[in-house]
Protein chains: 2
Amino acid sequence: MLTDRQLLILQVVIDDFIRSAHPIGSRSLAKKEKISLSSATIRNEMADLEELGFIEKTHTSSGRVPSEKGYRFYVDHLISPEKIALQELQKIKSIFNEKIYELEKIIQNSASVLSELTKYTAVVLGPTVKENKLSKFQILPLNEETAVAIIVTNTGHIEHKLFSLPKSINKSDLEKTVNILNHRLVGNPLVNLQEKLFKEVAILFKEHIDNYDFMIQSVADVLNIPLHEKLYYGGKINMLKQPEFQDIEKVHEIMNFLEEESGFYHLLKETPFGINVKIGTENNLTVMDNCSLITATYNIGQEQVGTIAILGPKRMHYSRVISIMNLLSNDLSNALSKLYSQ
Amino acid sequence: MLTDRQLLILQVVIDDFIRSAHPIGSRSLAKKEKISLSSATIRNEMADLEELGFIEKTHTSSGRVPSEKGYRFYVDHLISPEKIALQELQKIKSIFNEKIYELEKIIQNSASVLSELTKYTAVVLGPTVKENKLSKFQILPLNEETAVAIIVTNTGHIEHKLFSLPKSINKSDLEKTVNILNHRLVGNPLVNLQEKLFKEVAILFKEHIDNYDFMIQSVADVLNIPLHEKLYYGGKINMLKQPEFQDIEKVHEIMNFLEEESGFYHLLKETPFGINVKIGTENNLTVMDNCSLITATYNIGQEQVGTIAILGPKRMHYSRVISIMNLLSNDLSNALSKLYSQ
DNA sequence: TTTAGCACTCCTAGCATGCGAGTGCTAAAT
DNA sequence: ATTTAGCACTCGCATGCTAGGAGTGCTAAA
């Protein structure tokens with residue numbers, strides 16, 4: 001177990017390193033207000049902390065930097081919630097103040113504000129669509145051959161899709177189609193729509209609709225909604241400001257990973273409830289070895305539907321970021337729940 | 001006027017520099033197959049070319065690199081169309097082979113393929129919406145309070161927008177609203193809709209619709225379609241591969257400019273018909289001083305509607321990029337014209 | 001007109017040097 | 001028994017020097 005003095009020193013070392021990005025030595029530590037010990041004493045304590053694996057040297061005679069274990073301990077035991085300036089709070093609130101109904105915009109705004117406040121890169125995983133249920137289906141014919149289908153889900157997600165109509169379809173058939181689909185499919189999860197369509201709806205189509213085989217194929221196309229959630233980004237290039245990313249190689253690697261979509265998707269898809277911090281190699285991904293990822297889930301009603309995340313260097317301002325994400329994920333959950341849960 | 005020999009030397013210098021990114025000197029030039037002159041002769045010619053401003057030295061005793069004037073001359077007089085490999089041609093065709101109805105996807109695909117083939121950054125300015133005309137308007141009520149409006153334009157652009165309904169509106173009022181709007185507004189350019197709404201439609205609303213003031217406000221919101229065309233990107237991080245962008249500062253600057261949207265919007269908004277090359281300071285923008293921008297317009301029917309662009313270092317593979325953009329802009333115009341012009 | 005030769009310039013890589021910030025260890029001070 | 005002062009030592013980094021290489025311009029000969 002660490003002594004109070006060791007805790008203090010560890011905390012100051014990490015705090016300082018997070019601020020300055022420079023290794024810190026015993027002499028500069030001794031000058032700090034909080035610490036009234038000689039540099040020699042501190043040297044002894046630091047040697048112990050190093051032996052325990054919380055801090056490390058970059059070379060034999062350098063100051064110390066936090067190790068991954070050090071950061072982990074810091075995050076778990078040494079940080080306390082940070083006060084967020086009023087002005088910044090208002091920025092968060094402002095996401096939800098405007099009368100925005102559209103989910104996508106709220107989420108994109110969240111990512112932007114998050115990156116703006118933290119100066120790191122924000123990634124938001126949009127709400128699960130898999131669990132979404134169909135709440136409305138409509139067809140709007142554009143001309144003889146094409147129509148646009150509008151699909152609305154219970155979470156406020158709206159999608160439109162062009163498709164081709166059977167030749168010489170009449171108005172009443174279209175109406176019947178819409179009625180049947182609404183009657184049979186509303187309330188069902190999107191994933192099941194295709195199955196239901198072919199099993200249950202097909203029979204009804206056959207009974208009531210001319211040219212039913214073409215129609216059912218078109219509808220099937222339309223209902224084939226991409227099931228992977230979308231990712232929203234904010235401050236993609238904030239990384240370039242961080243001193244740890246002065247190496248163009250590293251930047252390229254991590255940027256590439258960001259652009260690729262699928263990589264981050266998996267990373268965010270399976271995050272535990274609430275705030276979670278993954279430091280460096282804890283992410284189990286070589287590209288992320290020098291990064292920390294802080295995630296927070298958000299929900300609609302009781303259901304956890306998505307994740308907001310901040311990607312930054314391991315030397316991240318953890319307390320501040322965690323406080324901000326706490327606020328934002330709560331506000332986001334509240335706002336979305338108000339709008340879309342029934 | 002330049003002699004044939006000077007032309008040859010200028011061409012080889014620029015070709016070589018585009019390939020290698022290293023200044024080239026008289027000795028290495030003399031070794032080239034195409035050139036059977038001694039290094040001393042070449043030195044004399046190069047001195048002349050420098051005096052004329054086509055090439056320059058990075059320091060007193062360095063090899064030569066092309067000047068902006070040199071690139072300009074090269075682009076205007078020395079390059080010839082490049083053969084594009086079959087495989088690459090097919091990649092271009094593949095954008096249009098699939099059955100895609102949606103404009104946005106075709107355009108996004110174009111940007112992606114363009115960046116993939118050139119290894120530079122592609123930016124595409126979507127089709128003008130200002131000139132677009134309304135071709136269909138529909139309202140789809142979701143519940144008591146909200147509805148989604150669907151707006152379709154003559155170029156196949158579809159937009160949906162949530163809005164709130166007046167309290168206790170009845171079905172027939174909604175239908176009347178839709179009818180009036182379709183009757184009065186279809187065929188009008190999007191820019192004029194707001195004006196027409198307040199001038200002509202307002203009167204009709206007053207006559208026929210309960211709660212008309214609320215309704216007209218909602219409709220006005222809905223018809224307030226963002227009039228700036230969207231930008232689509234491909235290969236944003238390709239820049240990082242170029243040796244001229246090893247300086248993180250420069251990368252940051254230019255990336256920032258890319259992310260900002262509005263900057264590039266103006267750059268692409270006013271491009272002349274066909275292929276255009278702007279080299280370095282010709283772009284009249286400090287961030288672009290080390291970049292070249294190649295643009296090509298595309299059209300639907302006879303109307304020029306948008307621009308595709310490649311952003312790269314001044315040391316760009318001009319002939320190849322121009323050839324590719326020629327192909328792609330033509331194919332894009334054809335495909336869009338087939339789909340959306342009548 | 002072209003080319004060979006030569007002196008000169010400038011960049012770059014490599015190496016020595018000194019300084020500063022840091023360390024560990026020991027012995028004295030508290 | 002801790003804490004601290006002192007000291008020798010280490011390492012990174014900035015500086016300056018040097019040699020080598022690639023290039024140039026100029027002059028004089030081919």
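Quick caveat: nothing in here was measured; it's all calculated off a predicted structure. Reckoned from all heavy atoms, side chains included, excluding hydrogens, waters and symmetry mates. Residue numbers begin at 1 in each chain, while the letters A, B, ... track the order of the sequences.
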Return the nucleotide paired to [N]: Watson-Crick means purine N1 to pyrimidine N3 with N6-O4 or O6-N4, wobble means G-U with N1-O2 and O6-N3, both under 3.5 Å.
N      : answer
D:dA30 : C:dT1
D:dA14 : C:dT17
C:dC25 : D:dG6

When the distance from [atom1] of [X] to [atom2] of [N] is rounded to whole Å, what number comes out?
X     : N      : atom1 : atom2 : answer
B:I42 : D:dA22 : CD1   : P     : 17 Å
B:H22 : C:dC11 : NE2   : P     : 17 Å
A:H59 : D:dC13 : NE2   : C1'   : 10 Å
B:E56 : D:dG23 : CD    : C1'   : 16 Å
A:E45 : D:dT2  : CD    : P     : 11 Å

Flag, side chain of A:N330 to backbone of A:N326, donor-acceptor distance under 3.5 Å: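 Yes; judged by distance alone, with no hydrogens or angles, the pair exists.
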Sugar-phosphate, base or nothing in reach of B:S28, heavy atoms under 4.0 Å: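 Sugar-phosphate, backbone atoms only, no base.
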B:K91 NZ: over 12 foreign heavy atoms closer than 6.0 Å: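 Atom NZ in B:K91 is not packed in, count stays at 12 or less.
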Enclosure of A:K69 NZ (heavy-atom neighbours >12, cutoff 6.0 Å): yes
Residues B:L311, B:I254; criterion side chain to side chain contact (heavy atoms under 4.5 Å, CB included); working and verdict: CA-CA 10 Å; B:L311 173 68; B:I254 192 89; 4.3 Å; yes
Side-chain ion pair, A:K236 and A:E259, N-O less than 4.0 Å: yes
Upstream residue (5' side of DNA chain C) when B:T58 and B:L37 are each assigned their closest nucleotide: B:L37
Contact state string [nucleotides 24-30 of chain D, B base, S sugar-phosphate only, - no protein heavy atom under 4.0 Å]: BB-----
B:E82 and B:S319 side chains, donor-acceptor separation under 3.5 Å: yes
